[in-house]
Amino acid sequence: MAQELPRKRVFKRMLLIFSLTSLFTVSLLLFFIYKYYTNIQLDTNLQRAETIATKQLDALTEKQKALISLTQDIYRNSDLMQDVQIAMTNDYGSYTEQNIDNYFKSKNFYSVDMQTYLQSYFSYDEDIIALQLISDDGSYSYTFPSSYREWKETVDTYGEENITKQASKQGNFYTIDNKIVVKQPINDPSTLKQMGYLLLYIDPAFLNKWVTKDYKNSIFQITNAKGAELYSNQPIKQIKTPEKKGWTNVDSHKMYFQKTEDETSGLKNNSFLYRVTDDSAPLIELTLFGIGLLLVIFSISINFVISRRYSKRILTILGGMNKVENGTLDAKLPVDNNGDELTMISERFNHMTENLDAYVKKVYSLEMEEQKARLKALQGQVQPHFLYNSLEAIRMNARVEGAKATSDMIYQLATLLRYTANHREITTLEEEINYVKQYVRFMEMRHEQPIQLEIHIDKRFNNMHIPRFALQPLIENFFKYAYKENQHPVVTITVSGKGNNLEFKIIDNGSGMDEEKLKEVQAIMESKMETSHIGLANLNKRLQLLYGDAHQLTITSKANEGTIILFQVPQNTGGEK
């Protein structure tokens, strides 16, 4: 016993399970807390990035609005509009000559000069590189640079001829030599026919001022309505823009993508966030993790102390049991004042050992009584044989004395008793019918009157198994309650197949029962009260126990006409159960 104790450390297993459960629970809790704060941080970063993207788009649309405002000023000033019309249809020399002629023809002291007006319109804006006026066919162009150096670099790199050709092919926003170009058409006020374009050249570097240092490694890409790139804060390879926001790979880096769109201008800002969380875990996450770890250690320690305490108490109880097992029946356990289940076990153990001797004597007495009962049962088996032998001796004596009728009655009685003394529950239909025949023969001798017994059974049903005494109690009830001395008695037994069942129908021509008596008999059969109709009630209960309510007895009867009894049993040719 002592060698088996170390293999059954239940509390160590409980401690291990509790520890693993605590670790799993705290880890799962920390994981969800981490995910919660990560999602909060992600939402915050996405909102900040969206703010940056919105400001960049607003800045570009403000430039477009300023260019549209300039165009509207031209339309409102007829002299300025006339000057623009001349410029759109003449080269610079012809334009200058006509402008001078118009000045002298004008009666006004002040004359509107397109060059001066356009040159000074965006002079305050440091982000503007140049303003250009180009005719619709690209034949005539007038450029008003704000930054001569950058404009000259653009012309030297791209070519002035290519610049003017691109104007008619591109949309409202496009790029020339990495410069963002905003285009605004100019129409003839009288014919509404397009005369040319106003082009505003913008340095895209001004958009970087909204990108804070936290997003210096992220990508903010602005595209026009056709998807062409206008601006990117970082030089990157061609990016395949995802359809939905979420994580994507850009130049072997995992980035979070979201899109901001300006429906009026058609501009889109595709933001690729390089990092949506800080490099180090937030202080709250570290604090929660530390608290969770301390809670796990504390709970495991408390559980270890309590488990060790209960383990010692259980080992003490096992030691007392071991003593009793080895024959020390007066073994006692120390009883503490904890009042828990183990204290109750110790008290019950001590009480058990105190009364163990009485229990042993009692069990011994029961065993002796059982032996006596077995002897009586063996003796009881001898008594039926003695009765049969005695009846046989009386029958032979009656036959010697010439009392043949008495001899036959004794023979029939002995045969009936042999069948009755058999304790089998199940018999064959053939054996039960033979027993009924013997019983009817015995009753004929008793009443000294022939009894007509009609049996209608197909031979194939002879080996079917039915409960013993399924028919005899019904025939006995006929002689007990319905038999008439002055009438020729007729009893008919019919057995037929009905589906998977055998249907038994017993008909007699006895005195029968009126409606009130029939209801009384049926009520007695259904109740558990004691009654004189033992045969009917007993058979009905046996059928219910063996086969269920579907096979119980049904009785129909009329006064002075006889009685019909029906019941069913399943067809079964198996062995006796």
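The structure presented is a predicted model; accordingly, all values stated were derived computationally and were not measured. As a basis for the values below, the full set of heavy atoms in this structure was taken, side chains included, without hydrogen atoms, waters or symmetry mates.
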- Message: Applying side-chain contact (heavy atoms from CB on, under 4.5 Å), can you list everything that pairs with Lys459, at least two apart in sequence or on another chain?
- Response: Asn462
- Message: So Trp247 and Phe257, do their side chains get closer than 4.5 Å, heavy atoms only?
- Response: no
- Task: Take Lys268 and Lys259 through the test side-chain contact (heavy atoms from CB on, under 4.5 Å) and record every step on the way to the result.
- Result: CA-CA 7 Å; Lys268 300 182 182 68; Lys259 179 169 64 175; 4.0 Å; yes
- Item | For Ala49, all residues meeting side-chain contact (heavy atoms from CB on, under 4.5 Å), sequence neighbours excluded | Tyr215, Phe220, Gln258, Leu273
- Around Glu454, counting heavy atoms of other residues, nucleotides and ligands shown, do more than 12 lie under 6.0 Å from its CD? yes
- Residues Arg441 and Glu444 bridged, charged N to O under 4.0 Å: yes
- Task: Using side-chain contact (heavy atoms from CB on, under 4.5 Å) as the criterion, list what pairs up with Ile345, not counting sequence neighbours.
- Result: Ile317, Leu342
Kindly list each side-chain donor-acceptor pair under 3.5 angstrom involving residues 559-567, sequence neighbours excluded, with atom names and distances?
residue	atom	partner	partner atom	Å
Thr563	OG1	Ser557	OG	3.0

- Residue set satisfying side chain to side chain donor-acceptor pair (under 3.5 Å) with Glu476, at least two apart, ordered chain then number -> Gln472
- Ignoring hydrogens and angles, tell me if any N or O in the side chain of Gln221 forms a donor-acceptor pair with the backbone of Asn269 under 3.5 Å. no
- Message: Suppose we screen for side-chain contact (heavy atoms from CB on, under 4.5 Å). Which residues come up paired with Thr51, at least two apart in sequence or across chains?
- Response: Lys55
- Task: Please examine the side chains of Val495 and His456, heavy atoms only from C-beta on, and report whether any two atoms are closer than 4.5 Å.
- Result: no
- Return yes if a side-chain donor-acceptor contact under 3.5 Å exists between Gln522 and Glu520, otherwise no. no
